[in-house]
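As the structure is a prediction and not an experimental result, all values here were calculated from the model. Order of the sequence lines fixes the chain letters, A, B, ..., with proteins taken first and strands second; residue numbering starts at 1 for each chain.
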Number of protein chains: 2
Amino acid sequence: MVAESIRRSLEAGGLRCTPQRYAVMAFLTEHARHPTAAEIFEGVNLVDPRSSRATTYNNLRDLVKAGLVREVAVEGRAARFDAKIMRHHHFICDRCGNVEDMEWYDVPRPASGSLGKRVLRECELIFRGFCTKCAPRRASRLDAARRVDAG
Amino acid sequence: MVAESIRRSLEAGGLRCTPQRYAVMAFLTEHARHPTAAEIFEGVNLVDPRSSRATTYNNLRDLVKAGLVREVAVEGRAARFDAKIMRHHHFICDRCGNVEDMEWYDVPRPASGSLGKRVLRECELIFRGFCTKCAPRRASRLDAARRVDAG
DNA sequence: TATCACATTAGATATAATCTAAATCCTTCA
DNA sequence: TGAAGGATTTAGATTATATCTAATGTGATA
Ligand SMILES: [Mn+2]
Ligand SMILES: [Mn+2]
Ligand SMILES: [Zn+2]
Ligand SMILES: [Zn+2]
């Protein structure tokens, strides 16, 4: 059962399972769309219980620190979050900015000469291009496509 | 000569070579440290001519649009910028957050089945771990290391 | 029940980025 | 030359995002 597994992973991470904290984890587990903190705040408050903005931010910070959630590196202003269920890479659309999950595969590590004294923990891959929704319009210039969307 | 090459690349990108715009490109070319907009603003104003904050942001936006500069995807709040001189990957330090350049090498593309109808433009690699400066302290817990730094 | 650490909250504050509208600078073309 | 008009710059206001503060609430346990 999903509820029980969230409860367990919170406790494994040394965090109490509060309604607000549970709601953030549940939302991220159900929505693999890499929502922003504002979207998560809105999402968890569509249903009860109410959670304040500060609590949403606090819990996201704690969940990241506990390793249950990761912040996805992406340009744009607002941080995006991702429940750490399975290893995967990301595809970021040049046109609409959507961040999509991509199947995991191992990446060749850099030559140890180029790594120097650095200690490598992980290699993350970010693919860029046009997503399925945006690819059909790729014939037209990017600017033209943007203009169409704005209109 | 570097000055001349900056001038030429600006014009090739369809941008006038103004003193403020030139200063941003020159700063980014000299400082491969992926500075934030605020750092660039401060940096270009250490020498003359003065450039306003709005102009620094405007020029960074225009330079990115022209493909001469890229915004580096990194967690943290402020966007970081990088003159597009040579292809390279990035190493981000878990402890101090520094973004360092890493030698370029080709990355195996995802299986076309997992790509679907998406159109792939590039594969970017982000390495994470401890940088040369932070690696020696890695024995102690991350939190402990942070406390030392703060104190 | 009393205690105490952990959590939540509203609202204030800080930080990063963008917008606005006016002024200035360039290029072009009589 | 010297208007005309587009591109650029500017200070300051505004918006967007994130964090802080200090008061309050909650629940496990002695
Ligand atoms: Mn993801
Ligand atoms: Mn770089
Ligand atoms: Zn898209
Ligand atoms: Zn470091």
Legend entry - Whole angstrom value for the distance that separates C1' of C/dT8 from CZ of A/Phe41: 12 Å
Legend entry - Gap between atoms CZ and C1', on A/Arg61 and D/dT17 respectively (whole Å): 15 Å
Inset, instruction - Output the single nucleotide from D/dT8, D/dA18, C/dG11 whose closest atom is nearest the side chain of A/Ala54. - result: C/dG11
Inset, instruction - Report the distance from atom NZ of A/Lys65 to atom C1' of C/dC6, rounded to the nearest whole Å. - result: 13 Å
Legend entry - Atom-pair distance (CG on A/Asp62; C1' on C/dT8), nearest Å: 12 Å
Inset, instruction - Give B/Ala79 one of three labels, base, sugar-phosphate or nothing, depending on what nucleic acid heavy atoms sit under 4.0 Å from its own. - result: sugar-phosphate
Legend entry - Nearest-Å distance for atom pair OH/P, residues A/Tyr57 and D/dT21: 17 Å
Inset, instruction - Would you indicate, yes or no, if C/dC26 has its OP1 or OP2 atom less than 4.0 angstrom from a side-chain nitrogen or oxygen of B/Arg16? - result: no
Inset, instruction - Give the ring-plane orientation class for A/His89 versus A/Tyr105, where under 30° counts as parallel, over 60° as perpendicular and anything between as tilted. - result: perpendicular
Legend entry - OP1 or OP2 of C/dT8 under 4.0 Å from side-chain N/O of A/Thr18: yes
Legend entry - salt_bridge(A/Glu11, A/Arg8) N-O dist < 4.0 Å: no
Legend entry - Closest listed nucleotide, where the reference is the side chain of B/Ala37 and the choices are C/dA17, D/dA11, D/dA18: C/dA17
Legend entry - Distance, rounded to the nearest Å, where A/Asn58 contributes CG and D/dA22 contributes P: 15 Å
Inset, instruction - Indicate, with a heavy-atom threshold strictly under 4.0 Å, whether A/Ser51 touches base, sugar-phosphate, or nothing. - result: sugar-phosphate
Inset, instruction - Could you pick out which residue, B/Arg53 or A/Gly14, lies toward the 5' side of DNA chain C when each is mapped onto its nearest nucleotide? - result: A/Gly14
Inset, instruction - Kindly say if A/Thr55 contacts the phosphate of C/dT9, meaning a side-chain N or O under 4.0 Å from OP1 or OP2. - result: yes
Legend entry - Among C/dT8, D/dT10, D/dA18, the nucleotide that comes nearest once only the side chain of A/Gln20 is considered: C/dT8
Inset, instruction - Mind calculating the distance between CD (A/Glu42) and P (D/dA16) to the nearest angstrom? - result: 14 Å
Inset, instruction - Could you tell me whether A/Arg7 atom CZ has more than 12 heavy atoms of other residues or ligands within 6.0 Å of it? - result: yes
Legend entry - Residues, nucleotides or ligands: over 12 heavy atoms within 6.0 Å of A/Arg50 CZ: no
Legend entry - Minimum-distance nucleotide (side-chain atoms of A/Arg77 versus C/dT18, D/dA18, C/dT9): C/dT18
Inset, instruction - Quickly work out the B/Leu63 CG to D/dT9 P distance and round it to whole Å. - result: 10 Å
Inset, instruction - For the pair A/Glu75 and B/Arg70, find out whether any cationic side-chain nitrogen is under 4.0 Å from an anionic carboxylate oxygen. - result: no
